[in-house]
Amino acid sequence: MENARLAKGINQVDKHGFQKQVKDKVNRKLKARHEKKSVWFGLGLFGLVGWSVAIPTLLGIALGSWLDNHVPSRYSWTLSMLVVGVGLGCFNAWYWIKKESHHE
């Protein structure tokens with residue numbers, strides 16, 4: 001009988017401790033959600049958007065230059081692939097910004 005009481009008392013302490021941990025985590029998450037983003041977050045997002053446009057643009061230029069040297073054409077492959085790369089880069093940047101805005 002005494003062991004059952006002791007076990008019940010321990011379970012109550014554990015239950016309250018667990019509830020406190022859960023409550024603390026919820027409060028911490030809610031606080032983080034409502035806080036303004038730091039300057040570093042903005043710079044990181046700015047860098048992410050910049051690279052998401054720059055990489056496809058540079059790859060498009062490289063592909064266009066290679067095509068200009070290997071596939072004769074009336075039109076410049078480099079300029080064509082530059083436009084395609086910028087378009088893909090802008091779409092990619094839009095995707096990342098949309099994805100980050102859904103987290104707020």
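No hydrogens, no waters, no symmetry mates; every other heavy atom, side chains included, goes into these values. Quantities reported herein were computed from a predicted structural model and do not represent experimental measurements.
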TODO: Please list all pairs passing the side-chain hydrogen bond (donor to acceptor under 3.5 Å, both in side chains) test where one or both residues lie in residues 51-60, with sequence neighbours left out.
DONE: none
Task: Arg28 and Asp24 ion-paired at < 4.0 Å - done: no
Open item on the list: If you define the side chain from C-beta out and look only at heavy atoms, does anything of Leu63 sit under 4.5 Å from Leu59?
Closed with: no
TODO: Could you tell me which residues satisfy side chain to side chain contact (heavy atoms under 4.5 Å, CB included) with Val84, sequence neighbours excluded, listed by chain and number?
DONE: Met81, Leu88
TODO: Hey, could you give me the CH2/CG distance between Trp77 and Asp68, rounded to the nearest 0.5 Å?
DONE: 8.5 Å
TODO: Specify the closest pair of heavy atoms between Ala93 and Val53, including all atoms of both residues, with the distance to one decimal.
DONE: CB-CG2, 3.8 Å
TODO: Using the test side chain to side chain contact (heavy atoms under 4.5 Å, CB included), find all partners of Ser65 that sit at least two apart in sequence or belong to another chain.
DONE: Asn69, Thr78
